[in-house]
Asks: 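Below: one structure in structure tokens.
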Amino acid sequence: MLLQPKLNVKISQRQVLTPGLMQMVSVLALNKLELREMINTEIVENPVLEEIESNDPSFEELAGREGDRERSAEETAVKEEKDPFEEIDFGSYFQEYLDPGFRTGNLGGEELDKPSFENFLSKPSTLTDHLLWQLGSVSLPDEVRSAAELMIGNLDENGYLVATDEELATVLREQGDEHPEAALEEAHKVIGTLDPAGVGARDLKECLLMQLAAREREAEAAAERRAAYRAQKEHEDDFSIEIDRRVEDVEKLAAEHRACVMRIADAIVQQHLALLQKKDMRELVKECAQTPETVQEAVDVIRSLDPRPGQRYNNTETRLIEPDVAFVKRGDEYVVVMNEEDMPALRLNAGYRRMMHQKDADRDLKEYVKERYRSAIQLLRNIEQRKNTIVRTCEAIVRRQHDFLEKGIDGLRPMMIKEVAEEIGVHPSTVSRAVSNKYVHTPQGVYELRFFFSEGVNGPEGGDLPLVLLKRKVKKLIEEEDPRQPYTDDYLAAELQRQGIQITRRTVAKYREEMQIPSTHKRRVR
């Protein structure tokens with residue numbers, strides 16, 4: 001069968017976004033900080049755009065100054081001209097450059113190494129940096145150091161070792177270590193002595209045990225320091241000797257009690273971690289065969305440990321928030337005010353416009369300037385369109401959320417993006433972009449614009465209750481419950497129904513899980 005090329009004509013309709021429309025969509029989604037950065041970038045890339053400074057003269061002032069310069073041109077021409085070079089102090093400005101063979105040096109005859117500018121720059125230290133810095137101060141065999149560095153490189157953000165021993169051993173064998181198992185075991189012990197305690201663990205149990213072991217080492221070191229101090233201390237009389245002996249007896253009893261508590265804590269982590277997670281104190285006391293007070297002390301020690309020790313060195317940078325808009329009360333009404341402080345004021349450069357009308361100007365240059373003008377005008381239109389869309393959207397929010405602005409969170413009403421889009425006559429996606437990642441300053445504080453959009457549930461007298469308030473009610477009921485007899489989801493649903501909120505047990509369980517609140521069984525303290 002022979003294949004022959006053919007031409008087929010097909011007519012179809014499809015939506016194509018022009019570059020200008022694509023820019024309008026992207027500009028609408030930017031918050032104030034992002035828009036300011038984008039405008040500054042455009043000013044650098046587009047010579048037609050320029051920023052209006054606060055002290056820039058107006059066009060009328062420029063015209064007046066041009067006339068003044070023309071009138072004073074003749075006066076300037078008749079003045080005696082002075083040689084500008086006679087006013088320069090060559091000795092002070094060019095002392096190092098007049099004689100190419102001479103340079104002023106240091107008193108010691110050697111040039112000092114000045115610190116590089118990069119040395120003054122800093123960045124937050126990561127967990128990997130912190131551990132490698134500590135590892136550099138430990139004397140280790142090469143194979144153990146390589147294994148330790150490999151382990152540190154395979155820690156997750158919480159400080160847990162995510163690679164298996166087989167995977168680590170395979171990598172070390174590829175690097176030339178014929179017996180990596182012993183090196184990995186020794187490296188794991190070394191990492192266990194580094195700060196923060198608990199890093200390098202493979203699971204929660206091992207992480208807690210490593211922290212308990214670190215506390216034991218700290219307590220033993222403190223006891224040795226106190227004993228060494230007493231051994232070197234010179235006693236002046238029998239009374240001071242007796243006082244030190246009694247202090248030593250008290251410290252000994254406290255150390256024995258602490259050691260007992262630490263043994264119980266170690267046993268709970270080793271064997272009864274599930275009971276601890278269930279908060280079943282009665283069963284823990286039975287399994288440990290100790291007094292409830294001693295077991296409680298051990299539980300308090302475990303709760304003081306950090307289950308994610310690596311997080312303190314993996315903090316994200318603080319996010320800077322600057323409201324794009326403000327809801328300001330004037331009289332009895334609230335008005336929408338755009339926050340345009342520190343925003344660059346743009347205008348088109350008139351010099352390039354005159355260049356396009358010059359007959360002797362290069363053709364390619366004219367086309368380039370025309371294209372830059374089109375791009376600049378499109379940007380200015382998109383910025384203005386962004387402002388209008390945000391203002392119209394916020395005006396709709398103010399009309400619907402007046403009670404919130406007056407009373408606070410309890411006055412919040414349900415509101416959907418689709419409803420606001422229909423009110424201002426745009427597509428719901430436009431409203432979604434207009435409120436995305438943008439904040440508003442209100443009399444009740446600073447909120448994200450998306451905060452005001454929440455689905456509703458049936459409320460008192462057939463009204464609607466925002467979902468955020470429903471979750472707050474569920475959380476408040478749980479916070480006020482008796483820990484020994486926590487509320488079930490059925491009771492929570494019945495209680496909300498008594499308040500006039502039509503909700504089922506399954507819906508309560510769903511919202512409780514979304515707020516990461518444990519179930520009744522896990523909340524119960526026995």
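No experiment lies behind these values; they were computed from the predicted model shown. Heavy atoms only: backbone and side chains are in, while hydrogens, waters and symmetry mates are out.
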Asks: Any side-chain to backbone donor/acceptor pair from Glu395 onto Val336? Under 3.5 Å, distance only.
Replies: no

Asks: What I want to find out is whether Lys473 reaches Glu495 closely enough, with some N-O distance under 4.0 Å, to be called a salt bridge.
Replies: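 No, this pair does not count.
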
Asks: Would you call Arg399 and Glu423 a salt bridge, using N to O less than 4.0 angstrom?
Replies: yes

Asks: Tell me whether Arg145 contacts the main-chain N or O of Val138 through its side chain, where contact means a donor paired with an acceptor under 3.5 Å.
Replies: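 Judged by distance alone, yes, a pair lies under 3.5 Å.
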
Asks: Tell me, please, which residues at least two apart from Arg173 pass side-chain hydrogen bond (donor to acceptor under 3.5 Å, both in side chains).
Replies: Glu181

Asks: More than 12 heavy atoms of other residues, nucleotides or ligands under 6.0 Å from CZ of Arg308: is that the case?
Replies: no

Asks: Would you indicate whether the side-chain heavy atoms of Leu204 and Leu208 approach each other to under 4.5 Å?
Replies: yes

Asks: In chain order, what residues pass the salt bridge (charged side-chain N to carboxylate O under 4.0 Å, His left out) check against Arg386, with sequence neighbours excluded?
Replies: Asp324

Asks: If we ignore hydrogens and angles and just use 3.5 Å, is the side chain of Asn158 paired with the main-chain N or O of Tyr160 as donor and acceptor?
Replies: no

Asks: Taking the side chain as C-beta and beyond, is there a heavy-atom pair between Pro307 and Cys207 under 4.5 Å?
Replies: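 They are not in contact (no side-chain heavy atoms under 4.5 Å apart), so the answer is no.
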
Asks: So, the side chain of Ser375 versus the backbone of Glu371: is there a donor-acceptor pair under 3.5 Å, distance only?
Replies: no

Asks: List the residues meeting side chain to side chain contact (heavy atoms under 4.5 Å, CB included) with Lys475, not counting sequence neighbours, and say none if there are none.
Replies: Glu479, Met515, Ile517

Asks: Please tell me if the side chains of Leu161 and Val199 come closer than 4.5 Å, counting only heavy atoms from C-beta onward.
Replies: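 SC-SC contact between Leu161 and Val199 ruled out.
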
Asks: Would you mind reporting whether Leu348 and Tyr373 have side-chain heavy atoms less than 4.5 Å apart?
Replies: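 Yes, their side chains come closer than 4.5 Å.
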
Asks: Looking only at heavy atoms, which two atoms of Leu30 and Glu34 are closest? And how far apart?
Replies: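 Scanning both residues completely, I find the closest heavy atoms to be CA-OE1, 3.5 Å.
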
Asks: Please examine the side chains of Ile39 and Met343, heavy atoms only from C-beta on, and report whether any two atoms are closer than 4.5 Å.
Replies: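 Met343 vs Ile39: side chains touch.
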
Asks: Indicate whether the side chain of Ser432 and that of Ser429 have a donor and an acceptor atom separated by less than 3.5 Å.
Replies: no

Asks: Are Arg506 and Asp489 ion-paired here, with the side-chain N under 4.0 Å from a carboxylate O?
Replies: no

Asks: Do His130 and Asp195 come close enough that some side-chain heavy atom pair is under 4.5 Å?
Replies: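 The answer is yes; the side chains approach within 4.5 Å.
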
Asks: With distance as the sole test, does Gln444 use its side chain to make a donor-acceptor pair with the main-chain N or O of Leu405 at under 3.5 Å?
Replies: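 Checking the backbone N and O of Leu405 against the side chain of Gln444, a donor-acceptor pair under 3.5 Å is found.
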
Asks: Considering residues, nucleotides and ligands other than Glu37, do more than 12 of their heavy atoms fall under 6.0 Å from its CD?
Replies: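 Atom CD in Glu37 is not crowded, with 12 or fewer foreign heavy atoms closer than 6.0 Å.
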
Asks: Quick check: are there more than 12 heavy atoms from other residues, nucleotides or ligands sitting under 6.0 Å from CZ of Arg400?
Replies: yes

Asks: Applying salt bridge (charged side-chain N to carboxylate O under 4.0 Å, His left out), can you list everything that pairs with Glu167, at least two apart in sequence or on another chain?
Replies: none

Asks: Lys387: which residues meet the salt bridge (charged side-chain N to carboxylate O under 4.0 Å, His left out) condition with it, sequence neighbours left out?
Replies: Glu340

Asks: If the threshold is 4.0 Å, N to carboxylate O, is there a salt bridge linking Lys32 and Glu341?
Replies: no

Asks: Check whether more than 12 heavy atoms from other residues, nucleotides or ligands sit under 6.0 Å from atom CG of Asp203, and answer yes or no.
Replies: yes

Asks: For Phe327 and His441, what are the C-alpha separation, side-chain angles and deciding distance, and is it a ring-ring contact (aromatic ring centres under 6.0 Å, His included)?
Replies: CA-CA 6 Å; Phe327 296 161; His441 184 275; 9.7 Å; no

Asks: Cut-off 3.5 Å, side chains only: do His188 and Arg202 have a donor facing an acceptor?
Replies: yes

Asks: Identify whether the distance between the nearest side-chain nitrogen and carboxylate oxygen of Glu448 and Lys438 falls below 4.0 Å.
Replies: no

Asks: Checking the side chain of His427 only, and the main-chain atoms of Ala421 only, is there a donor and an acceptor separated by less than 3.5 Å?
Replies: no

Asks: Quick one: does Leu172's side chain get under 4.5 Å of Leu150's, heavy atoms only?
Replies: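 A side-chain contact exists here, since the closest heavy-atom pair is under 4.5 Å.
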
Asks: Would the distance check show the side chain of Asn46 and the main-chain N or O of Glu42 forming a donor-acceptor pair, the cut-off being under 3.5 Å?
Replies: no

Asks: Can you tell me if Arg381 has over 12 outside heavy atoms packed within less than 6.0 Å of its CZ?
Replies: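 12 or below, so no.
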
Asks: Just jot down the side chain to side chain contact (heavy atoms under 4.5 Å, CB included) partners of Gln401, sequence neighbours excluded, or say none.
Replies: Ile397, Phe404, Leu412, Arg413, Met415, Phe452

